[in-house]
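No hydrogens, no waters, no symmetry mates; every other heavy atom, side chains included, goes into these values.
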Amino acid sequence: MSTDSYQSVYREKLLEHLLVGELLKYSWFEHGASLEVSQPAIDRAGHDIVLEANGVTRHVQLKTSSTVATTGRQNVHLGLAQKPSGCVIWVRFDPASMVLGPFLFFGSAPGAALPALDGFKVAMHTKGNAQGIKAQRHGLRVVPLSKFKAVDTIAALYATLFGKPGHDKAPAMQGPPVEPRCVLSQPSPLSGLD
């Protein structure tokens with residue numbers, strides 16, 4: 001059994017953190033560190049993360065597949081349509097280096113609702129019941145690859161999510177980040193405890 005199969009949840013979380021890190025880094029250098037990121041405590045509405053910048057809140061369902069995978073569709077949760085600017089980011093990655101990109105995006109312009117899902121097929125369970133029948137998953141729709149927009153870079157993905165660069169209210173950070181310094185005028189009460 002490969003690590004990809006055996007550690008699929010680990011890989012999924014790793015790719016999520018890598019994506020969020022890249023978006024935060026881009027926001028730091030280009031948009032005044034204005035991106036906010038949060039996660040739902042309960043996964044019942046289909047989104048994995050919530051991203052907010054430039055006055056736009058995006059409820060994001062994350063999907064991943066390696067650049068050598070032949071996946072041609074994704075199951076999209078109907079709950080995304082109930083959220084403002086719900087969308088799907090399909091992260092492609094190099095399996096040898098875990099470098100991200102290109103990205104695929106299913107959604108609408110910043111501030112607009114998710115495209116209608118009612119024209120897509122209802123997803124099916126991957127395994128059958130005791131009689132071998134695969135039941136429908138009524139809360140999911142199968143969206144083909146052709147409905148996703150290709151996005152090559154993190155900068156382009158950020159613009160797709162939140163609008164054109166330069167519309168943030170906060171100024172971009174200049175130069176390298178400054179390390180915070182703490183100067184104690186008296187010895188720390190914790191000194192000598194090691």
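- Under the 4.5 Å side-chain contact rule for hydrophobic residues, V76 and V50 do not share a cluster.
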Report task. Carefully, step by step, assess K25 and F29 under the rule side-chain contact (heavy atoms from CB on, under 4.5 Å). Result -> CA-CA 6 Å; K25 181 169 64 173; F29 286 113; 3.8 Å; yes
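- Residues in residues 125-136 take part in no salt bridge (charged side-chain N to carboxylate O under 4.0 Å, His left out) pair, two or more places apart or across chains.
- Here the straight-line distance linking atom CZ of R58 with atom CZ of F105 works out to 4.0 Å at 0.5 Å rounding.
- Residues L19 and F103 meet the side-chain proximity criterion, which asks for heavy atoms closer than 4.5 Å.
- Between the side chain of T160 and the main chain of A156, a donor-acceptor pair closer than 3.5 Å is present.
- Remark: the backbone N or O of L80 is not paired with any side-chain donor or acceptor of Q61 at under 3.5 angstrom.
- Screening residues 89-111 for side chain to side chain donor-acceptor pair (under 3.5 Å) gives S65-W90, S65-R92 as the qualifying pairs, with residues at least two apart or on separate chains.
- Contact between A159 and P110 at its shortest, heavy atoms only, is O-CG, 4.5 Å.
- The ring-ring contact (aromatic ring centres under 6.0 Å, His included) search around H59 returns H47, not counting sequence neighbours.
- In this structure the side chain of T57 reaches within 4.5 angstrom of the side chain of E52, judged on heavy atoms.
- Side-chain N or O atoms of D48 include one that pairs as donor or acceptor with a backbone N or O of L62 at under 3.5 Å.
- Results of the side chain to side chain contact (heavy atoms under 4.5 Å, CB included) test with I49 over V20, L23, I89 single out V20 as the only residue that passes.
- At a threshold of 4.5 Å between side-chain heavy atoms, the hydrophobic network of Ile, Leu, Val, Met, Phe, Trp and Tyr places L78 and V60 in two separate groups.
- Note: Y26 OH to L24 CG = 13.5 Å, rounded to the nearest 0.5 Å.
- In this structure, L104 CG and L157 CG are separated by 10.0 Å, a value rounded to the nearest 0.5 Å.
- Applying the side-chain contact (heavy atoms from CB on, under 4.5 Å) criterion to N129, with sequence neighbours excluded, gives Q131, I133.
- Side-chain contact check for Q39 versus E16: some heavy-atom pair is nearer than 4.5 Å.
- Residue pairs meeting the side chain to side chain donor-acceptor pair (under 3.5 Å) criterion with at least one member in residues 136-147, sequence neighbours excluded, do not occur.
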Report task. Could you please spell out the steps behind the side-chain contact (heavy atoms from CB on, under 4.5 Å) verdict for F148 and V88? Result -> CA-CA 9 Å; F148 284 79; V88 180; 3.8 Å; yes
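- Here the side chain of K83 pairs no donor or acceptor atom with the backbone of L114 at under 3.5 angstrom.
- Every residue two or more places apart in sequence or in another chain was checked for a side-chain contact (heavy atoms from CB on, under 4.5 Å) with Q82, and none qualifies.
- In terms of hydrophobic clustering, with Ile, Leu, Val, Met, Phe, Trp and Tyr side chains grouped at heavy-atom distances under 4.5 Å, L161 and V143 are assigned to different clusters.
- Note that the OG1 atom of T71 and the CG atom of L145 stand 9.0 Å from one another [nearest 0.5 Å].
- Once rounded to the nearest 0.5 Å, the distance linking CG of L51 with SG of C87 reads 7.5 Å.
- Aromatic pair Y158/H31: ring centres closer than 6.0 Å.
- With N54 contributing its side chain and F162 its backbone, the two residues share a donor-acceptor pair below 3.5 Å.
- Once rounded to the nearest 0.5 Å, the distance linking CD1 of I154 with OG of S27 reads 11.5 Å.
- When all heavy atoms of P95 and V68 are compared, the closest pair comes out as CG-CG2, 4.2 Å.
- For the pair L100 and F93, the tightest heavy-atom approach, listed with the atom from each and the gap, is CD2-CB, 4.1 Å.
- Cluster annotation: M124 is not connected to L117 through the hydrophobic network of ILVMFWY side chains, with a link wherever side-chain heavy atoms come within less than 4.5 Å.
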